[in-house]
2 protein chains.
Amino acid sequence: MENKVLRKLFLGFIHIHILHHAKEHPIYGVWMVDELKEHGYTISSGTLYPILHSMESDGLLKKKERNVEGKIRKYYTTTDKGNEMLKEARKKAYELFKEIK
Amino acid sequence: MENKVLRKLFLGFIHIHILHHAKEHPIYGVWMVDELKEHGYTISSGTLYPILHSMESDGLLKKKERNVEGKIRKYYTTTDKGNEMLKEARKKAYELFKEIK
DNA sequence: TTTTAAATATCGAATCCCGATATCAATATC
DNA sequence: GATATTGATATCGGGATTCGATATTTAAAA
């Protein structure tokens, strides 16, 4: 494992990153993995998919299956509740950041 | 439990909060719990102490026992490595925050 | 010596994280 | 139509985290 402290910090942001992107446009698992990788973060599918599932069952995301070039993809977008959570989480993230600045 | 997303975000910051305070002055477990509580965050001792131990054994904190009013307290301060980590983690926290702003 | 009290340490159950592996579903190939 | 292919999602088993509850430590007080 790279660095315990930074890794945990990143994972603390993962739900927010998901909400952030899923608000802008529908996202699917592999896209999210690649997007994070481009920014230097790796996340295992064994971590990501259960998070997507739990966020859906918590009512933060809603799923829509789409057939893309003959393959099924599960696209997620934020619900109203998810948008509300995103707003709250951004605020909290700023608070937490300020306190250690 | 209160809120899964916000809770995880907070826990993502916990090492950084510890480093932040331990850099300013020596801290001990109960003080850290109380300090966080004042800012609206609760952390279990069953969570905090193992983190302090692991940060010590990772060389981020160093411990000094002090007798305070007839009781032993274990005060932690940052090491050079801890200060370096704090610097890095603050930078990373800002990056992560920017990306979801 | 016992009791007290502040603080630290540990326990067991539930949950999370991970890489590896398995499964799914729609098309292409036979 | 049966089978193989392929992009993507899903799950597994282990090890680590998180939690509240409980136990232990320590030095002074009784």
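Computed from coordinates, the B:Lys37 NZ to D:dG20 C1' distance equals 12 Å when rounded to whole Å. Atom NZ of B:Lys4 and atom C1' of C:dT15 are 10 Å apart (whole Å). Atoms NE2 (B:His53) and P (C:dC11) sit 12 Å apart, rounded to a whole Å. Atom CD in A:Glu69 sits roughly 15 Å away from atom C1' in D:dT5 (whole-Å rounding). For the pair A:Ile27 CD1 and D:dT9 C1', the interatomic distance rounds to 14 Å; values are reported in whole Å. Rounded to a whole Å, the CE atom of A:Met55 is 17 Å from the C1' atom of D:dT9. C:dA9 atom P lies 8 Å from atom CG of B:Leu52, rounded to whole Å. Rounded to whole Å, the distance from CZ on B:Arg73 to P on D:dT25 is 20 Å.
When each of A:Leu19, A:Thr78, A:Leu60 is checked for a side chain to side chain contact (heavy atoms under 4.5 Å, CB included) with A:Asn83, only A:Thr78 meets the rule.
Between B:Tyr28 and C:dA7 there is a side-chain N or O to OP1 or OP2 distance below 4.0 Å. Taking 4.0 angstrom as the limit, A:Thr47 places a side-chain polar atom (N or O) nearer than this to OP1 or OP2 of C:dC18. Contact check, A:Tyr49 against D:dT9: a side-chain N or O comes under 4.0 Å of OP1 or OP2. In terms of phosphate contacts, B:Arg7 brings a side-chain nitrogen or oxygen within less than 4.0 Å of OP1 or OP2 of D:dC19. Listed pair A:Lys8 / D:dT18 meets the phosphate criterion, a side-chain N or O lying under 4.0 Å from OP1 or OP2. Of the side-chain N and O atoms in B:Ser44, one or more sit less than 4.0 angstrom from OP1 or OP2 of D:dG20.
If you find the closest nucleotide of DNA chain C to B:Gly46 and to A:Leu11, the one lying nearer the 5' end belongs to B:Gly46. Between B:Gly70 and B:Pro50, the residue anchored closer to the 5' end of DNA chain D is B:Pro50, taking for each the nucleotide with the nearest heavy atom. Checking A:His15 against A:Asn67, the closest nucleotide of DNA chain C that is more toward the 5' end is the one next to A:His15.
Aromatic rings from B:Tyr94 and A:Phe97 are positioned such that their centres are separated by under 6.0 Å.
Residue contacts shown for A:Lys74 are limited to sugar-phosphate atoms, with no base heavy atom under 4.0 Å away. At a threshold of 4.0 angstrom between heavy atoms, the contacts of B:Lys63 with the nucleic acid are absent.
Nearest to the side chain of B:Val30, among D:dA21, D:dT11, C:dT8, sits C:dT8.
The shortest distance between side-chain heavy atoms of A:Thr77 and A:Leu61 does not fall below 4.5 Å. A:Trp31 is listed as a side-chain neighbour of A:His21, based on a closest heavy-atom distance under 4.5 Å.
Checked for salt-bridge contact, A:Glu88 and A:Lys91 miss the test: no charged N lies under 4.0 Å from a carboxylate O.
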